[in-house]
Asker: 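Once you've had a glance at the structure underneath, I'll fire off some questions.
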Amino acid sequence: MAKTAFHSIHQIVKRIPAGRVATYGQISRMLDGALSAQFVGWALHNAPEDVPWHRVINSKGGVSTRAVLGYAPDLQRQLLEAEGVVFDDDARCDLDVYLWDGSP
DNA sequence: GAAGTGACAAGGT
DNA sequence: CACCTTGCCACTT
């Protein structure tokens, strides 16, 4: 019953289980490419607290909050590590292990 | 009412 | 391998 793709993004992000992560491009494909990855980032910035936006990362497997001065750049990494996601020295996580495949 | 802005990705050169 | 261009929707001024 999502009137807008904006709302659909929140629905998908909420479906991401703890300990898993999803990429902007993947979410874009989940919506059948009905939207652009750029909009996903913007939607997360406007996402309510019910949306675990910290589970959404860029295609490199790293956090993307670098452009958000309102939050700590390491905040997203800290939240993911609290859920069991391990980051490498390059600030990247193993997408082969933590990438959400769309299943719980 | 219209234009600009914004947590990006992917392909091409 | 690295850098540059295009595409997208909703919200703000």
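For the numbers below, each heavy atom of this structure counts, side chains included, while hydrogens, waters and symmetry mates do not. All chains are named by letter (A, B, ...) in the order of the sequence lines, taking the proteins before the strands, and each is independently numbered beginning at 1.
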Asker: Are the side chains of Val13(A) and Leu44(A) in contact, using a 4.5 Å heavy-atom criterion?
Answerer: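 Of all side-chain heavy-atom pairs linking Val13(A) with Leu44(A), at least one is under 4.5 Å.
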Asker: Could you tell me the separation between the NE2 atom of His45(A) and the P atom of dA10(C), rounded to a whole number of Å?
Answerer: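 That distance rounds to 18 Å.
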Asker: If I take atom NZ in residue Lys60(A) and atom P in nucleotide dA9(B), what distance separates them, rounded to the nearest angstrom?
Answerer: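 After rounding, the gap between these two atoms is 8 Å.
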Asker: Check whether any side-chain heavy atom of Trp53(A) lies under 4.5 Å from a side-chain heavy atom of Gln76(A), and answer yes or no.
Answerer: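 Yes, side chains in contact.
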Asker: Would you indicate, yes or no, if dA9(B) has its OP1 or OP2 atom less than 4.0 angstrom from a side-chain nitrogen or oxygen of Arg29(A)?
Answerer: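 So the side chain of Arg29(A) is outside the cut-off, no N or O lying under 4.0 Å from OP1 or OP2 of dA9(B).
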Asker: Given dC9(C), dC8(C), dA7(B), identify the nucleotide with an atom nearest to the side chain of Ser36(A).
Answerer: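 For the Ser36(A) side chain, the nearest candidate turns out to be dC8(C).
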Asker: From the options dA7(B), dG6(B), dA9(B), select the nucleotide whose nearest atom is closest to the side chain of Thr65(A).
Answerer: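 When the side chain of Thr65(A) is considered, dA7(B) is the closest of dA7(B), dG6(B), dA9(B).
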Asker: Would you classify Val40(A) as touching base, sugar-phosphate or nothing, given that sugar-phosphate means primed atoms plus P, OP1 and OP2, and contacts are heavy atoms under 4.0 Å?
Answerer: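 The residue Val40(A) makes no contact with any strand.
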Asker: Pick the nucleotide of DNA chain C nearest each of Gly33(A) and Trp42(A); which residue has the one closer to the 5' end?
Answerer: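 That would be Gly33(A).
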Asker: Examine dA10(B): is either OP1 or OP2 under 4.0 Å from a nitrogen or oxygen in the side chain of Ser59(A)? Give yes or no.
Answerer: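 Yes.
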Asker: Could you tell me the separation between the CD atom of Gln38(A) and the C1' atom of dT5(B), rounded to a whole number of Å?
Answerer: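 Going from Gln38(A) (CD) to dT5(B) (C1'), I get 9 Å.
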Asker: So, Asp32(A) side chain and Ala34(A) main chain: donor-acceptor pair closer than 3.5 Å or not?
Answerer: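 It does not hold such a pair.
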Asker: Which is true for Ser64(A) with a 4.0 Å heavy-atom rule: it touches a base, it touches only sugar-phosphate, or it touches nothing?
Answerer: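 Sugar-phosphate contact only - Ser64(A) comes under 4.0 Å of backbone atoms but never of a base.
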Asker: With rounding to whole Å, what would you report as the distance between dA10(B) and dA10(C) at their C1' atoms?
Answerer: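 Taking atom C1' in both dA10(B) and dA10(C), they lie 22 Å apart.
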Asker: Does a side-chain heavy-atom distance below 4.5 Å link Asp74(A) with Phe87(A)?
Answerer: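 Side chain of Asp74(A) against side chain of Phe87(A), heavy atoms only: no contact under 4.5 Å found.
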Asker: Could you tell me the separation between the OH atom of Tyr24(A) and the P atom of dA9(B), rounded to a whole number of Å?
Answerer: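 Distance, rounded to whole Å: 7 Å.
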Asker: Atom CZ of Phe6(A) to atom C1' of dT12(C): distance rounded to whole Å?
Answerer: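 Computing the Phe6(A):CZ to dT12(C):C1' distance gives 13 Å.
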Asker: Round to a whole Å and report the spacing from CD1 of Ile27(A) to C1' of dC9(C).
Answerer: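 Going from Ile27(A) (CD1) to dC9(C) (C1'), I get 15 Å.
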Asker: Return the value, rounded to whole Å, for the distance between atom CG of Leu44(A) and atom P of dT5(B).
Answerer: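 Going from Leu44(A) (CG) to dT5(B) (P), I get 21 Å.
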Asker: Please state how far atom CG in Asp32(A) lies from atom C1' in dG7(C), giving the value in whole angstrom units.
Answerer: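 Going from Asp32(A) (CG) to dG7(C) (C1'), I get 16 Å.
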Asker: Which one, dG6(B), dA9(B), dA7(B), comes nearest to the side chain of Trp53(A)?
Answerer: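 Nucleotide nearest to Trp53(A)'s side chain: dA7(B).
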Asker: Just say parallel, tilted or perpendicular for the rings of His7(A) and His10(A), cut-offs at 30° and 60°.
Answerer: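 Plane angle between 30° and 60°, so tilted.
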